[in-house]
Participant: 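Have a look at this one before I ask anything.
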Amino acid sequence: MAIKKPLDETSHLYLIDGSGYIFRAYHALPPLTRSDGTPVGAVQGFCNMLWKLLEDLKGEDAPSHLAVIFDHSGKSFRNEIYDQYKAHRPPAPEDLVPQFGLIRDATRAFGTPCIELENYEADDIIATYARMAEAKGAKVTIVSSDKDLMQLVSDRIDMFDAMKNKRIEAEQVVEKFGVGPDRVIDIQSLAGDSVDNVPGVPGIGVKTAALLINEYGDLDTLLERAGEIKQKGRREKLLAHAEDARISRQLVTLKTDTPVTDEMDEFGITDPDAETLVKFLKEMEFRTFTRKVEEALGGPVADETGDATAPIDRDSYECVTTMKQLQAWIEKARTAGVIAVDTETDALSATASGLVGICLATAPGEACYIPLAHVDPEGSGDMFDTGEKPDQIPMDDAIAALKPLLEDPAVLKVGQNFKYDLSVLARYGIDVAPYDDTMLISYVMEAGLHGHGMDELAEIHLGHQCIAFKEICGTGKNQISFDKVPLDKATQYAAEDADVTLRLWEILKPAMVSKKKATVYETLERPMAKVLSDMERVGVKVDPDQLRRLSSDFAQKMAAAEAAAHEAAGREFNVASPKQIGEILFGEMGLPGGKKTKTGAWSTDVTVLDQLAAEGHDLPVALLEYRQYAKLKSTYSDALFDHINPQTKRIHGSFSLAATTTGRLSSTEPNLQNIPIRTEAGRKIREVFIPEPGHVLVAADYSQIELRLLAHIAGVESLKQAFRDGQDIHAMTASEVFGVPVEGMDPMVRRKAKAINFGVIYGISAFGLANQIDVSREEAKNFIDAYFEKFPGIADYMERMKKEAKDTGYVETVFGRRCHFPGIRDKNPNMRMFAERQAINAPIQGSAADVIRRAMIRMDDALRAANLDARMLLQVHDELVFEVPEDQADRLIDLASKVMGEACAPALELSVPLDVDAKAGKSWAEAH
DNA sequence: GTGTTCACG
DNA sequence: GACGTACGTGAACACC
């Protein structure tokens with residue numbers, strides 16, 4: 001044990017308010033759990049703060065002595081003075097409780113004294129030591145932002161807010177209380193504190209208290225001369241509550257003579273013992289932080305290969321260019337039983353790119369790259385190119401050798417976003433199985449907390465920065481495809497991906513098992529990679545001639561609308577520029593528009609232009625017309641044409657499995673989930689989606705799936721019954737809420753009820769509903785109240801989700817999918833309310849997403865068993881689109897409806913039926 | 001790169 | 001008492 005330095009006038013003592021810090025860290029930081037489920041978010045926040053403090057303060061303000069002070073659990077002497085003290089405090093959140101002990105362990109692991117005292121609060125102990133050190137002539141810094149400690153500030157004592165990184169001295173105290181530190185107690189005695197339940201004098205806040213104290217000097221004088229106060233209210237309040245003020249003073253005055261036993265000399269600072277600290281941090285699974293500490297303290301840095309957290313060495317990877325080498329790796333892979341696989345291609349598209357190379361990793365740090373289609377890096381690819389290629393194994397030989405391994409049921413293949421590799425390898429005749437996907441494992445544990453791309457996961461879990469793709473291939477128009485990358489560089493980049501993937505799997509897979517998310521992963525995520533890979537490779541047929549005709553038709557209509565707009569405006573301008581439109585409408589024409597966007601620009605969206613059009617103006621009509629056709633042309637007719645694959649003549653979009661917070665899929669390049677349908681002109685786009693000759697398209701969609709799930713989850717008996725009876729649910733809602741009969745109902749009334757039903761799913765607010773159906777906010781409020789009354793269970797459901805999200809940071813779907821909302825603890829109330837609405841919506845939207853995933857996963861087998869030659873083409877959240885020979889359409893409709901309707905069984909028995917509407921047609925429009 | 005708008009569920 | 005507010009996506013375009 002190092003000899004500690006006695007505390008004297010040259011010393012600088014740091015006293016850390018451990019308890020205060022715990023609560024702030026807990027509320028400010030996203031929830032984080034160790035792989036065994038123990039919550040450790042606040043522990044990490046605490047360790048970071050302590051470490052940063054020790055690192056940052058190595059300069060002139062460096063602590064010579066340091067201790068962390070905690071509240072002792074249970075009551076303190078203040079409860080004897082006033083039994084209501086801190087009586088309103090809710091108990092500590094469930095996931096914070098186990099962290100109290102861990103944070104004390106952390107303090108000790110840092111080699112720092114950890115102090116608490118029965119019957120006293122941390123503040124009293126801090127006050128005692130601070131005054132003791134001050135008396136010895138030392139400097140003191142109290143690390144806390146608690147205003148109750150500000151009474152201690154003096155020439156030699158200051159405070160430091162570690163989260164805001166801000167010093168608090170006398171000047172900041174005056175800012176806060178309007179008086180110097182010596183009078184802070186008087187202010188608090190008068191103003192009280194609702195959080196600690198210190199009564200004070202009712203009606204007097206900090207501002208008034210400061211005014212009074214500055215006038216009368218101190219609390220005793222003020223209370224003696226209270227009768228002289230001119231304002232009647234204040235005078236009477238003070239006279240009536242003088243005793244409360246005196247009790248409050250006893251409560252807020254910190255004790256400076258607590259019977260502390262630890263000597264300050266023992267607080268002398270020493271470097272933490274690397275071994276102890278690293279051991280603790282590893283137990284907490286703070287990987288990035290552990291490495292940082294290891295490097296700084298020069299402790300035992302793990303370097304054995306085989307350890308997922310060992311440093312990554314890009315130069316250790318092997319470039320495989322002979323069959324002999326390849327055979328050796330295949331042998332090694334079979335022995336390992338689990339390997340990471342990554343494919344490199346000459347383009348981004350999984351459905352249109354050529355295979356360039358394959359990487360394998362058999363253990364952390366043991367990876368190879370097998371180049372297959374690299375070309376001469378210097379070659380320009382033009383007619384002068386010599387066509388000289390680097391030595392590599394012929395594609396066919398490599399594929400033939402790898403196929404048995406990649407299809408071997410005894411060897412688990414691990415990938416990152418493996419749907420991509422499945423697609424590429426499938427086009428070379430390899431049906432990879434079994435497999436795991438680190439992206440999807442991460443997604444089931446952490447959806448909503450961060451992205452799940454490899455670079456991000458490597459940074460989070462391994463503290464490692466992967467080589468960026470653009471470092472290898474460049475960016476913009478100078479970008480080269482991967483087959484032109486020299487083999488040495490390609491090996492470093494590509495094999496690193498496989499290495500990282502395998503390491504991530506070693507960390508994430510056990511973590512997922514202890515978090516009990518393996519079932520969600522195995523039943524809702526992993527199988528989807530293959531389902532979607534198959535679907536994307538099939539693609540969907542469009543009529544290219546019809547698309548061309550539509551584009552030119554839209555172009556004509558745009559030109560006409562543009563001319564009309566210029567005519568109406570009286571001059572030429574860019575009709576596509578919202579900025580210029582705003583200037584003309586609300587500047588030059590001086591129309592009353594009102595709405596501004598959040599950046600302060602005039603809003604010119606469809607609601608604004610519709611309003612102006614309804615008032616009889618011509619320009620907004622022309623603009624709306626222009627916008628409609630511009631949208632259809634650029635986003636749909638032109639873009640879809642460009643996405644036709646020249647080989648297959650079909651469009652192969654990509655569906656993302658881990659992009660949303662709720663478990664829905666998303667669709668890109670092109671987005672096939674937002675093809676128009678609501679307007680007549682838009683439907684023309686849907687007519688372009690067609691089947692092969694002799695086939696039809698079948699569209700099958702769930703009817704009201706989200707409302708049905710809401711009825712089930714919230715347990716709303718009347719709603720459930722209505723669904724069982726096959727009623728028109730919006731009409732039924734209207735009848736209940738507005739008290740009108742279903743027979744002969746005004747369509748407007750039904751429309752309003754429909755809006756309420758949707759609103760409920762979205763986390764309704766009176767303002768939002770009022771906006772949607774154009775009624776006053778009061779009226780909207782009445783509708784909502786009536787709704788809650790008629791359907792008991794809904795309001796309760798909403799409260800439950802808000803609470804669950806607040807307590808745990810997440811909510812779950814009926815199948816156990818977890819959706820996280822870090823914003824639920826944001827200090828900004830708007831962010832919080834936003835997160836609350838998300839938490840209300842997510843279990844409904846997410847459960848619906850789970851249901852259709854289950855149906856999709858079963859569909860392939862069901863089609864085969866029924867001998868149907870149908871292929872699944874698209875998913876649009878509550879709808880599946882198939883292509884099937886004409887004469888099998890009816891059978892497909894029956895089968896798809898059955899699989900979709902029974903998708904919950906046997907895992908879950910839903911208390912409402914899931915109805916499916918399915919129809920066949922010669923285009924997607926017709927199949928609706 | 002950000003903001004606005006608009007297509008879908 | 002004021003504040004800002006329906007949920008989830010992706011793509012195109014203007015503008016910096």
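Side-chain atoms are counted along with the backbone in the values below, which use heavy atoms only and exclude waters and symmetry mates. All chains are named by letter (A, B, ...) in the order of the sequence lines, taking the proteins before the strands, and each is independently numbered beginning at 1. Since this is a predicted model, take the numbers as computed values, not measurements.
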Participant: Have a look at A:Val606 and say if it touches a base, only the backbone sugar-phosphate, or nothing, with a 4.0 Å heavy-atom cut-off.
Facilitator: sugar-phosphate
Participant: Quick check for you: name the first and last nucleotides of DNA chain B, 5' to 3', having an atom under 4.0 Å from a heavy atom of chain A.
Facilitator: B:dG3 to B:dG9
Participant: Tell me, which of residues 762-777 of chain A have any heavy atom that sits under 4.0 Å from an atom in DNA chain C?
Facilitator: A:Tyr762, A:Ile764, A:Ser765, A:Phe767, A:Leu769, A:Gln772, A:Arg777
Participant: Would you mind listing every salt bridge (Lys or Arg N to Asp or Glu O under 4.0 Å) that reaches into residues 550-564 of chain A, with sequence neighbours excluded?
Facilitator: A:Asp553-A:Lys557
Participant: Which of residues 836-849 of chain A have a heavy atom under 4.0 Å from DNA chain B?
Facilitator: A:Gln845
Participant: Select base, sugar-phosphate, or nothing to describe what A:Arg627 touches, counting heavy atoms under 4.0 Å on all strands.
Facilitator: sugar-phosphate
Participant: Any luck finding a side-chain donor-acceptor pair between A:Ser847 and A:Thr813 under 3.5 Å?
Facilitator: no
Participant: In chain order, what residues pass the side chain to side chain contact (heavy atoms under 4.5 Å, CB included) check against A:Glu456, with sequence neighbours excluded?
Facilitator: A:His450, A:Ile460
Participant: Can you see whether A:Tyr810 has A:Arg818 sitting over its ring - NZ or CZ less than 6.0 Å from the centre and within 45° of the normal?
Facilitator: yes
Participant: When you check the side-chain N and O atoms of A:Glu669 and A:Ser654, is any donor under 3.5 Å from an acceptor?
Facilitator: no
Participant: Restricting to salt bridge (Lys or Arg N to Asp or Glu O under 4.0 Å), what partner residues turn up for A:Lys633, sequence neighbours left out?
Facilitator: A:Asp638
Participant: For DNA chain C, report each stem as range with range, ordered by first number, or say none. Use Watson-Crick or G-U wobble pairs under 3.5 Å, at least 3 in a row.
Facilitator: B:1-9 with C:7-15
Participant: Under the salt bridge (Lys or Arg N to Asp or Glu O under 4.0 Å) test, which residues partner A:Lys802, sequence neighbours left out?
Facilitator: A:Glu799
Participant: Of all residues at least two apart in sequence or in a different chain, which pass the salt bridge (Lys or Arg N to Asp or Glu O under 4.0 Å) check with A:Glu836?
Facilitator: A:Lys806
Participant: Identify the 5'-most and 3'-most nucleotides of DNA chain C with at least one atom closer than 4.0 Å to a non-hydrogen atom of chain A.
Facilitator: C:dG4 to C:dC16
Participant: Check each residue of residues 786-813 of chain A for a non-hydrogen atom within less than 4.0 Å of any atom in DNA chain B, then write out the ones that pass by number, or none.
Facilitator: none
Participant: Just jot down the side chain to side chain donor-acceptor pair (under 3.5 Å) partners of A:Arg548, sequence neighbours excluded, or say none.
Facilitator: A:Asp545
Participant: If you measure from the C1' atom in C:dA2 to the same atom in B:dA7, how many Å do you get, rounded?
Facilitator: 36 Å
Participant: With a cut-off of under 6.0 Å to the ring centre and 45° to the axis, is A:Lys595 in cation-pi contact with A:Trp602?
Facilitator: no
